[in-house]
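Residue numbers run from 1 in the order of the sequence given.
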Amino acid sequence: METAIIPVTPITPTDNNDLVSSEVQPNKRRRKKSIVWDHFTVETVGDGCIRACCNQCKKSFAYITGSKLAGTSHLKRHIALGICPVSRQRNQQASDTKTANATYEPRKRQRATPGFANIPFNQERCNHEIAKMIIMHEYPLHIVEHPGFIDFARTLQPQFNMVSFNTIQGDCVAMYLNEKQRLLNFINEIPGRISLTLDLRISNQTVGYVFITGQFIDMEWNLHRCLLNVVMVPSPDSDCALQQAVVSCLSDWHLENRLFTLGLDQSFSNVNINQNLRALFSVRNPYMLHGQFLIGNCFARVISLLAQEALWSVGETVKKIRDSVKFVKTSDTHEETFFGLKEQLKVPSMKDIFIDDQTKWNTTYDMLAAACELKQVFLCLETSIPDYNIAPSMDDWKQIEILCTYLKLFFDAVSILTGPTYPNASAFYHEVSKVQLELTHAAMSNDPFISNLTKPLKEKFDRYWSDCFLVLAIAVVMDPRFKMKLVEFSFSRIYGDDAGMWIKIVDDGIHELYLEYMAQALPPPETFVEERNGSIIPEQNGGVILKTEPPEDGYLHEEGYLQEEQTHDAAPQEVSHHEVAHQEDSHHDVAHREVSDQEVDSQEITHQEEASQEVPSQDPLISIGDGLSDFEVYISEISGSHQMKSELDQYLEESLLPRVQDFDILGWWKLNKTKYPTLSRMASDILSMPFSTVGPDSVFDTERKKMDNYHSSLRPVTLEALICAKDWLQYGGLSQSCDGNVKMEF
């Protein structure tokens, strides 16, 4: 039976973009599946040329030309995108008809968006979010009265009723009070002490605002830095203004006996202010090196002053560079010419020049550094632009390059304050000692320009170094990678032959500080008295007294310490450093008597052993039992003759840890707090010391910040609420949920 072969017509429309082959085609005609053929008709124009004609606008399109197939994509776009004018007009008419008859057409079921469907409107939550927005972005409270904002909010949610100025002010203060209570509870649970820094801003009305920031380490050994108070002082020039602000903060946060260090900026302090703060500090914190932890200078401000003086010393040359940069950047033609010269000279620098912000000294450094890399372009610019007649000379460029060397030193030193996390105290020693060493070396340079530039800088930095080197060195000793070894190494380079004297000052200081922590760890003698059989009874004044008579020598054994008998009506007293030293001497005398008694007993035993050795033993073996009974006696004898080392000495004598880049010093102390219980408490307080009073956004400021007119017009409680709450919100301190426990109305 024969099968009929159906020939394939070469003009059949297809839906793909494959070439039309001249070979034998399939024996079955393909169906036209594309929807475009509902709107187009195939027409043969000539030999081997087929076009598609739009049924609406009668416009023809290429489809098959010889062996090439154009496909249908362009035909779909003609219909779907509304390119066809007739089709577009009909679709518009259909849309209007559908809109007019919308009430009669069944509504399509819409798919609900997960998480956003059927959420009821919550006016209180909206008020909370507006308050949070105002705090976070420092919008004025009057924004709730701006017509544009009101219309915007009503467009989003017609049911929302815009709150009044007094209501939103109360919501902001309520949010601040709720978060303040949470932070207060958190601070009360930290085991160590807290350090404070003071910063002062003055309004145009000469009213002062003291910003008090707290820094501490929590129970999990995480370092925290948060703004605690913004205290308004009517007379910021008064000698007692800062003292009153500190007293208010200590009372507000229950920190009367927990203050460790106090840092402030020299720009707003004087001798009388420092004396008042030092006196307050000594009273509030009588233990810590007799109140010596008053840090009177802000590291960021000191470096900023050095950078400004360095820029001022070569101010004329810096002005030439700045004017040259302005000449290029303020004209599109000049800038095109400049970059054209850069390409011709093939300067490899990837930096772009820009005009600096003179309120931020780091922008001036960046401008000078970029210009130095492009100095060849500036030198050739005069030949391309005749109007450019302010080109710096080669000597000017040499001075700028030397200046940038020391500006980079300052920039790198304070860059640790601009990171995402605040550094612990040990990190500052590396930067401060490096600046001190480099300035000391530069001041003795044979180059007159370098020596004249750096001598004034060294004199200013020497004052900062002399005030802070002790606490800086103590902080770096708490780093197990360095301990006293880094102090010895760096001091030998800074002080030369006199290094030994300064090293001894650090060693004596850290041992004195450790003894003060030991004194705090000792129980007061009049608080608890233990009887020989371990039973105690309470005193009439809340202490304890013995059931039995005291021993004849007037001392009792308790955990290795000996205490004199205390009467039950003796008034409790604070244990000072000298009292602890006296107690330790007494303990040493009594322990000496115990050792003497043990020596007498040992001598008697020795005589008895010698007497027993005169009689020959019948047992041929020397060892008895397991042979280790005499070993325990030996250990007890040698341990009694050697003094136990303190935690500090043991820590210092152990080998240094390898110096790795991402070493977690706080994590190391967390793991070793059981091994060093007293020293770890000391390390926690020391490593949380702040050496800067400004935030990351003010590290490079050349001017002290002022309180703007808007904030100074607010009530003190509202001002403090807005500024403190913003600080807590930036670092995740504010709760994400609305808490309506506190309501404030104004």
How would you list all residue pairs meeting salt bridge (Lys or Arg N to Asp or Glu O under 4.0 Å) that involve residues 687-697, not counting sequence neighbours? D697-K705
Given the ring of W728, does K180 sit roughly above its face, with NZ or CZ under 6.0 Å from the centre of the six-membered ring and within 45° of the axis? no
Tell me, please, which residues at least two apart from Y139 pass ring-ring contact (aromatic ring centres under 6.0 Å, His included). H137
Under the criterion side chain to side chain contact (heavy atoms under 4.5 Å, CB included), which of T261, N229, L262, T213 is the partner of L196? L262
Show, in sequence, the C-alpha distance, side-chain angles and deciding distance for E124 and H128, and conclude whether the side chain to side chain contact (heavy atoms under 4.5 Å, CB included) test is met. CA-CA 6 Å; E124 186 176 358; H128 173 83; 5.9 Å; no
Would you please classify the geometry between the F216 ring and the H224 ring as parallel, tilted or perpendicular, with 30° and 60° separating the classes? parallel
Between S349 and E373, what is the shortest heavy-atom contact and its length? OG-OE1, 2.6 Å
Are side-chain heavy atoms of L311 and L407 found at a separation under 4.5 Å? yes
Main-chain N/O of T693 paired with T197 side-chain donor or acceptor, under 3.5 Å: no
Look at the aromatic rings of F428 and Y422 and report parallel, tilted or perpendicular, splitting at 30° and 60°. tilted
Which residue pairs satisfy the salt bridge (Lys or Arg N to Asp or Glu O under 4.0 Å) criterion with at least one member in residues 224-233, sequence neighbours excluded? none
Is the closest basic N to carboxylate O distance between D265 and R704 below 4.0 Å? no
State, to 0.1 Å, how close M707 and I723 come at their nearest heavy-atom pair, and which atoms those are. CE-CD1, 4.3 Å
CG-CD1 distance between D171 and I130, expressed to the nearest 0.5 angstrom: 9.0 Å
Look at the side chain of S698 and the backbone N and O of G695, then say whether any donor-acceptor pair between them is shorter than 3.5 Å. no
I need the single residue from Y365, F410, F411 that forms a ring pair (Phe, Tyr, Trp, His ring centres under 6.0 Å) with F700. Which is it? F411
I'd like to know if the side chain of S304 reaches the main chain of A300, judged simply by a donor and an acceptor atom lying under 3.5 Å from each other, with no hydrogens or angles considered. no
Are any side-chain N or O atoms of S251 and backbone N or O atoms of V247, one a donor and one an acceptor, separated by less than 3.5 Å? no
Please check if the side chain of T718 supplies one atom and the backbone of L714 the other of a donor-acceptor pair under 3.5 Å. no
For the student: nearest non-hydrogen atoms of L141 and I168, plus distance: O-CG2, 4.0 Å
Which atom pair, heavy atoms only, marks the closest approach of W361 to V699? NE1-O, 4.3 Å
So, applying side chain to side chain contact (heavy atoms under 4.5 Å, CB included) with F211, which one of V230, V231, D727, L200 is it? V230
Report yes if the side chains of C54 and H39 come closer than 4.5 Å at any heavy-atom pair, otherwise no. no
Looking at F121, I want to see if its CZ is surrounded by more than 12 non-hydrogen atoms of other residues, nucleotides or ligands under 6.0 Å. yes
For M232 versus V207, what's the shortest heavy-atom pair and its separation? CG-CG1, 3.5 Å
Minimum-distance pair of heavy atoms, taken over all atoms of P690 and Q215: CB-OE1, 3.6 Å
Would you confirm whether N222, through its side chain, and D218, through its main-chain N or O, come within 3.5 Å as a donor-acceptor pair? no
Under 3.5 Å, side chain of T155 to main-chain N/O of D151, donor-acceptor pair present? yes
Would you check if the distance from the ring center of F299 to the ring center of F691 is below 6.0 Å? no
Check whether N188 reaches the backbone of L184 with its side chain - one donor and one acceptor, N or O, closer than 3.5 Å. yes
So does D352 pair up with K329, basic N to acidic O under 4.0 Å? yes
L223 versus S688: any side-chain heavy-atom pair under 4.5 Å? yes
Got T418 and S415 here, is their nearest side-chain heavy-atom distance under 4.5 Å? yes
Contact check, side chains of I134 and I143, non-hydrogen atoms, under 4.5 Å: yes
